[in-house]
Novice: 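Would you mind keeping the following structure in view while I ask a few things?
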Amino acid sequence: MSSSRSSFFGFEIAKTGLFINQHNLNVTGHNISNVNTPGYTRQRLVTSAIEPYSSIGLLAPLEHGLLGGGTRSHYVEQLRSEYLDRQFRNQNSIVSTWASRTQGLDFVQGLFREHNASGIFDMLMDQFSAALGDLQTDPTLKANRTGVVTSAQNLTTSFNQFYDQLVNRQTDNNEEIKDLVSQVNKYADDIKELNRLIYAFEINGEHANDLRDQRNLILDQLSSLVEVEVREYKDPNGGPNRLSVSIGSGASKGYLVDHVEANHLDTSTTAANYIQEDPTAANVSSHPLEKVCMITWATGYSHGTDLPATFPANPAGLGDLKDIVGNGQIYGLLTLRDGDSTDTKGIPYFVHQLDQLAQALATEFNKLHMQGYSSPNAENGNISDYGIKFFKDFGPAMNTVPGTPGYVAATDPGDPSYDPSLWDTYVASKVTAGNFQLDPAILKSAWNIACSNEKVTDTNQGNNLNVVDGMLKLFQKAQSSSVGNFGDFYRAFLTDIGNTAAFSIDQQQRNALMTENCDVQRMSISAVSIDEEMTNLIKFQHAYAASSRVITTMDEALEKLINGTGIVGR
Amino acid sequence: MTGFLSDLNGNLQRLAKYQSQMQSGRKIQNLSDDPVGVVSGLRARERLYHLAQYQRNIGDAKRWLETSETAATEMNKAVTNAYEALIDADTNVKTPEDREKIALVVKAQLEHILSLGNSTTIDKYSFGGFNTTSTPFTKDPADPTGESWLYNGKPLNSMTQADIDAEKSRALKFEVGYAMDINVSVTGPELMIYDSSGPPNKNIINTLQGLYDALTDPTISMQDLQPYITDLQSAQDHLSSVVADFGGRWNRMEMMEDRYSKEELLYTEVMSNFEDADASEAIMNFAMAEMVYNASLQAGAKVIQPTLLDYLR
């Protein structure tokens, strides 16, 4: 029997239309409700026409042609492009790297920002040299001596402050890294849990759209912290697709989540702080600084049972940490915390620049100062002495073995056999920006500033030119120390900070633009457009009304047939 | 929408940048804005610091030179007085009383010269070299006649050329330019000793003392005083050249001061070019940024607001 011959078949067709359009209205409503839900992906009801019921063979109806049975729905699908997701997440990792770097470098350049305000480093250097200039014109005035002590103290204090602020910032970065790693671990657990739910939901053939939205949102957020690779793969047991998330790059790349197994990162092991362990300057290592955290895979790393067993290697040292996190906010912070090379300029790099400057100042000033004589005064026991240091030297006690740290020529500079070249090898040891300070002798009495290269007596108040003049010229000579000219070095240091920050800002903006582009493309597919939904609403409303009209029409036809034709059987 | 927001943000940031330029009057707000400009500005500023230092030193140096020059000129006058008295005596001296009067004139000149030798610039001795706090010229306590003088504790009369040179190296110097030092005075021996042959050398003090002694000694005739006339002439020449030297140095300071003030102007301009915001440019930029910002706000408002919803009944 052919169904198309059934009197009520038309009702059935119209009914599917009513149901489907009602369902469509519901889906549209769901979309409109979620227009502002973060991570929500536009949904669509997948429908198809019901093919004609026809039987094969003699019973096939031949006279009326074949008629379909209306419409039916299959499932609600998401409009999402995995390709764009992947692109967005890669870009997001890169832009997050630069964003966190820029933030840190902004702090550094803020520290050294040059305004016409007092207390700026560059001005302090100039004030110090100006005080020396005054001292040179009259070394017998206590005011001139005190001026030198005060301005030198301002200078050393500002070194100390810059150092402290940079070290504090580094400590903050370290804590922030720990927080972000625990955030990664939390995301791992979230994704694992969502994987379980989605798998359970989809095992019936359904699409867990809204749960997937949640998972995608977490993956987006995760991609701003670390570099992620997301893979959806066929369940070897024939179930719905499973999802794995691996993070990092290189040898330490490993699975953060595989289906319902999650691995964690660990920050409990520590490594020596790069500020303390300066590989470039052998004698800068006296900072008692806290160690910084490493990032390793937590013990009990398990990969999913269905994936090839590749156990990732833990990073060997601070320099390998990128292997485990890849690009992302954590890596950006790592470059700031540990960056100590011209390739990766971070806080240790900038601190070491200041260390070098402090050490060069201490070395050159001490070298000259120790060859001069102090002025006798009641404050220093009325002795005109030589070999006094201007800046404190943290090296071993003075010794007379040339070429070794702390070496001091024992010869009296006033002695005829005195050889000034003995001083060439002197280095103020273990001086850093953090411990840069005046020698206790200078702090005790300003009369201990050795201005003269001759012993100071009642009839010889001392040479006003040789020692102080040498110090003054240090500020002007092109090659006055191991770092060249102090002013030039400091200015190059500023340019360095400025350029590093500018580069980071450029990179951030450029990558932000690309990330935005990806996001716009993604949004054009996935985002809910009110206009479109309203159009759909009208479309489905009209279709619903039309389906109702079909029923009315059928009803009228049957009404005529049943109630209006003949009286047989009444 | 995302694009609109980030564009709007960019416009707002530009607006904020120009606004802070106008408020602070400074072009560079962050090192990263213009790393090279910051450094060039700083270099100019450092140069200005040094210039200010040099100018201060030149001021001091001029003060020293002026007082030293005045003292040397006065000294020259005193020597001239003694010389004129002697010439006058050569022709007009008749009586021992006249001769005694001349001796007193010479004595007075000698005392004047000794006090000038110990003259000070503010509270520092001008002619003591490195010794600026204790009297450079003192009587030798070992000499009972009180006629020998010590310079910084060393006998003046027995100084040889080598001694003079050694003292010369202890002259006070001020730095008035990079690697440019200037002696702001002369040392006592340089000032007093006009003939270093000997010993004893010939200096203004022992010449006048000798002249006084000769005048008060009646056994010495006026004819025998002739050598003193030539000695006093060479002393005059010596002091004139010292004064001329001071004058020359003073002129050099003047010239350098002039040059430094011009240089100062130049570097101030350089610094300002790098660091200061051009007010009119900043205002114009601000106005432009403001216009763009307003336009993007308006355009945004037009784009965002209406949806199909607005046109459905």
Side-chain angles (χ1 to χ4, degrees), chain A residues 105-106 109-110 112-116 122-123 125-127 129-130 133-134 136-138 140 452 454 456-465 469 472-473 475-476 487-488 490-492 494-505 512-513 516 519-520 523 527 529-532 534-535 538, chain B residues 1-3 6 10 24-26 28-43 45-46 48-50 52-54 56-57 60-61 64 123-124 128-136 150-154 169-175 178-179 181 184 275 307-309 311-312:
Chain A
L105 290 168
D106 253 354
Q109 70 167 347
F112 294 94
R113 191 163 15 197
E114 293 294 322
H115 272 314
N116 276 327
D122 193 75
M123 276 174 73
M125 294 254 274
D126 288 339
Q127 278 165 8
S129 88
D134 289 339
Q136 184 217 15
T137 54
D138 191 352
T140 61
S452 171
E454 294 181 8
V456 177
T457 60
D458 281 350
T459 55
N460 186 352
Q461 273 72 49
N463 185 327
N464 68 335
L465 213 52
D469 189 50
L472 263 182
K473 288 209 169 68
F475 285 101
Q476 298 176 37
D488 284 347
Y490 177 65
R491 282 186 291 268
L494 288 187
T495 323
D496 206 353
I497 294 176
N499 278 330
T500 311
F503 180 71
S504 178
I505 291 168
L513 219 66
E516 204 177 278
D519 205 30
V520 167
M523 285 299 155
S529 151
I530 294 279
D531 287 349
E532 193 178 333
M534 289 314 290
T535 318
I538 294 161
Chain B
M1 271 286 279
T2 331
S6 76
S24 67
R26 283 172 60 81
I28 298 157
Q29 300 297 328
N30 259 330
L31 287 175
S32 54
D33 289 349
D34 180 6
V36 177
V38 170
V39 165
S40 305
L42 285 182
R43 200 187 302 279
R45 200 190 299 169
E46 190 198 32
L48 281 173
Y49 254 95
H50 288 304
Q53 180 66 40
Y54 293 150
R56 258 206 318 281
N57 286 4
D60 282 351
W64 275 80
D123 58 346
K124 310 284 174 215
F130 292 169
N131 172 19
T132 53
T133 52
S134 54
T135 326
L150 299 176
Y151 168 74
N152 287 349
K154 291 165 219 158
S169 71
R170 296 197 174 86
L172 279 188
K173 286 177 183 169
F174 284 4
E175 194 185 36
Y178 176 62
D181 306 323
V184 293
E275 294 186 346
T307 61
L308 188 58
L309 212 52
Y311 302 97
L312 292 175

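Just so we're on the same page: letters track the sequence lines, and every chain starts at 1. Note that these values count all heavy atoms, side chains included, but never hydrogens, waters or copies made by symmetry. Just so it is clear, the model here is predicted, and its values are computed rather than measured.
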Novice: Give me the atom names and distance for the closest heavy-atom approach of B:His50 to A:Ser129.
Specialist: CE1-OG, 3.8 Å
Novice: Which heavy atom of A:Gln136 sits nearest a heavy atom of B:Lys173, and at what distance?
Specialist: NE2-O, 4.5 Å
Novice: Against chain B, label A:Leu105 side chain, backbone, both or neither, depending on which of its atoms sit under 4.5 Å from a heavy atom there.
Specialist: neither
Novice: Rounded at 0.5 Å granularity, tell me how far NZ in B:Lys124 sits from OG1 in A:Thr137.
Specialist: 10.0 Å
Novice: Using heavy-atom distances under 4.5 Å, tell me whether A:Thr500 contacts chain B through its side chain, its backbone, both, or neither.
Specialist: neither
Novice: So which heavy atom on A:Ala501 is nearest to which on B:Ser32, and how close?
Specialist: CB-CB, 3.7 Å
Novice: Can you measure from CD1 (A:Ile505) to CG (B:Asp33) and round to the nearest 0.5 angstrom?
Specialist: 7.5 Å
Novice: Do you know which two heavy atoms are closest between A:Gly498 and B:Pro35, and how far apart they sit?
Specialist: C-CG, 3.6 Å
Novice: Which heavy atom of A:Arg491 sits nearest to which heavy atom of B:Arg43, and what is that distance?
Specialist: CD-N, 3.7 Å
Novice: Is B:Glu46 close to chain A through its backbone or its side chain, or both, or neither, when contacts mean heavy atoms under 4.5 Å?
Specialist: both
Novice: Can you say whether A:Asp496 sits under 4.5 Å from chain B via the side chain, the backbone, both, or neither, judging by heavy atoms?
Specialist: neither
